[in-house]
Protein chains: 2
Amino acid sequence: MSFRHVFQKYIDNADACLDLLLYKDENVLIIKDGFPKALRHYLIIPKSPDKTQIHPLLVFQKDPQFYKMIEEYVTKTKKLIMDDLFAAGLLKFDKTDTLATHEFMNRFIKAGVHSIPSLSNLHIHIITQDFYSSRLKHKKHYNSFTTEFFVEFYRLEPPQTDLEDQMGYGYDSSSSQNTDDGPYPTQSISVRHEMDPLKLQNVISKSPLKCTYCGATFANRFVHLKKHLQEEFVKKFAVAPEDTNS
Amino acid sequence: MSFRHVFQKYIDNADACLDLLLYKDENVLIIKDGFPKALRHYLIIPKSPDKTQIHPLLVFQKDPQFYKMIEEYVTKTKKLIMDDLFAAGLLKFDKTDTLATHEFMNRFIKAGVHSIPSLSNLHIHIITQDFYSSRLKHKKHYNSFTTEFFVEFYRLEPPQTDLEDQMGYGYDSSSSQNTDDGPYPTQSISVRHEMDPLKLQNVISKSPLKCTYCGATFANRFVHLKKHLQEEFVKKFAVAPEDTNS
DNA sequence: TATTCCGATAGTGAC
DNA sequence: GTCACTATCGGAATGAG
Ligand SMILES: [Zn+2]
Ligand SMILES: [Zn+2]
């Protein structure tokens, strides 16, 4: 078994990832990413043999029921993160502040998939948008979560009507043309996802580094970005700078 | 005074390079290169203020007398190296073996200049062709001595007749079209030296690495070349491999 | 192509 | 795009007053 199939080992025997395991049932494992790229970085790993080797941009395409099931686990995982951050005293707002909590859950925690996963078993990332982690070591790490290479989960929702395969592209049922200013996407239109490997490799290796908080750009200066992310982190979270783990 | 003019300090006061100084008189300093790129790597530094800031490919062009003077120091310096290598017991042949000694002096020790010197004061390199040194750290180091970027001293000899400036190119009075198989070049023809900075930069940064002993090529694999040069060194010289200083 | 430091880029191997 | 390791490649500073 190569590194590409490490999650299969976890599916076959959750005891193999006890130190990372947060939740398991008949449908999924929820684990901590072994090399978290942000303050909290969890993974949902569906167990179904019929799904686990399907490309994440295609696996939900004709199975609204599967999408809906995973959607519930996404919400569950975001709640796990919120509970953990509150318990750790890392948030600057109180649990009773439902507006701030809602905003954080639905904006600052993102769920999604990589357009080209390196690990072959289907997995959905649930990750805070600080990207403040010693494991975030190079541009591709960062750009794999902050460019179109990362496709948010809600954009994978299949349409109500059964559309054609659309030339093999994954499709996107999203609100990207929604002019509503609501808190997060609710409507759907059909949009293709880029699946060309060369274009996607170019996206993560060549896209200029851009701060997810403020939009500041850093070209290819990764170390500069890291320092900036630390500054953003200490502003956003309830920690002393010396406690940080860049 | 910037790093580019460090040799001027030596010219003004040879005491500033006592640890490197091998010889001095009214015309030149002969010193060890402070960062030797081979087993022996010496420098001849002419002291004349009229010459020291002239480009090495041009400085001999209309001054056969100056060339002849430096030529004597080149021979002197090669003899210094031979004496030192014999004294150190590094050679596999005896001082009485005049054929081997002659061959080593005239083939394995080369004199020449860099087409684009980084240090502005005129200096002529006298260097053994093993390139076995911990100070040889990257491709440009190696290629600056093993490509056309390095112009051998004998090719700088001005012609007997006073030729025109030839469009600002340095010229080369060499035996490159000499069909004689003699031990080393003795005749002269006039050939231009490449002086275009971009082309020369390309030569040292892009030329594939090639062993000076056997012609083996290593593309850009510098570490591979280094290991090979160590193998060649222990074959060529009287040393145990563990004594080496790669 | 002076050195040195730092950092960005690239290839490999992993069973 | 898994990691970790090695190595290649690339820019910047360097001083003086
Ligand atoms: Zn920012
Ligand atoms: Zn060789």
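Just so it is clear: chains get the letters A, B, ... in the order the sequence lines come, proteins before strands, and each one is counted from 1.
Distances shorter than 4.0 Å separate some side-chain N or O of A:Ser118 from OP1 or OP2 on D:dT2. The phosphate of D:dT2 has OP1 or OP2 within less than 4.0 Å of a side-chain N or O from A:His114. At least one side-chain nitrogen or oxygen of B:His141 sits closer than 4.0 Å to the OP1 or OP2 atom of C:dT3. Note on B:His138: every side-chain N or O is 4.0 Å or more away from OP1 and OP2 of D:dG10. The side chain of A:Lys139 contributes no N or O atom lying less than 4.0 Å from OP1 or OP2 of C:dA8.
Across residues 211-229 of chain A, A:Asn220, A:Arg221, A:Phe222, A:Val223 each have a non-hydrogen atom less than 4.0 Å from an atom of DNA chain C (numbered order). Taking every heavy atom of residues 201-210 of chain A and every atom of DNA chain D, pairs under 4.0 Å involve A:Gln201, A:Ile204, by number.
Rounded to whole angstrom, the span from the NE2 atom of A:His5 across to the C1' atom of C:dA14 amounts to 13 Å.
The side-chain tip of B:Lys51 points at the ring of B:Phe66 from less than 6.0 angstrom away and within 45° of straight on.
Under the 4.0 Å criterion applied to side-chain N and carboxylate O atoms, B:Asp130 and B:Lys236 are not assigned as salt-bridge partners. Between A:Arg135 and A:Asp33 there is no salt bridge, since no side-chain N of the basic residue sits under 4.0 Å from a carboxylate O of the acidic one. Ion pair B:Glu232/B:Lys235 flagged as a salt bridge, since at least one NZ, NE, NH1 or NH2 atom sits closer than 4.0 Å to an Asp/Glu carboxylate oxygen.
At least one donor-acceptor pair closer than 3.5 Å links the side chain of A:Lys47 to the backbone N or O of A:Asp25. For the pair A:His123 (side chain) and A:Asn121 (backbone), a donor-acceptor distance under 3.5 Å is present.
Counting non-hydrogen atoms under 4.0 angstrom, A:Leu119 reaches the backbone sugars and phosphates but no base. Nucleic acid contact for B:Ser144: sugar-phosphate only, since backbone atoms but no base atoms lie under 4.0 Å from a heavy atom of the residue.
Just one residue in the list A:Ser207, A:Pro208, A:Ser205 forms a side chain to side chain contact (heavy atoms under 4.5 Å, CB included) with A:Asn143, and that residue is A:Ser207. Of the options B:Met195, B:Lys199, B:Glu194, B:Gln201, a side chain to side chain contact (heavy atoms under 4.5 Å, CB included) to B:Pro197 is made by B:Gln201 and by none of the others.
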So what is the 5' to 3' dot-bracket string for DNA chain C, if pairs are Watson-Crick or G-U wobble with both distances under 3.5 Å, crossing pairs use [ ] and | means the partner sits on another strand?
.|||||||||||||.
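Nearest-nucleotide mapping onto DNA chain D: of B:Met1 and A:Lys140, the residue sitting toward the 5' end is A:Lys140.
C:dT3 and D:dG17 have their P atoms separated by 25 Å, with the value rounded to a whole Å.
Nearest heavy-atom pair across B:Pro46 and B:Ile70 is CG-CD1, 3.8 Å. When every heavy atom of A:Ala38 is checked against every heavy atom of A:Ser133, the shortest pair comes out as N-CB, 3.6 Å. Taking both residues in full, the closest heavy atoms of B:Glu231 and B:Val234 are given as O-CG2, 3.2 Å, listed atom of the first, atom of the second, then distance.
Aromatic stacking is marked for B:Phe3 over D:dT14, as both cut-offs hold: 5.5 Å for the centres and 30° for the planes.
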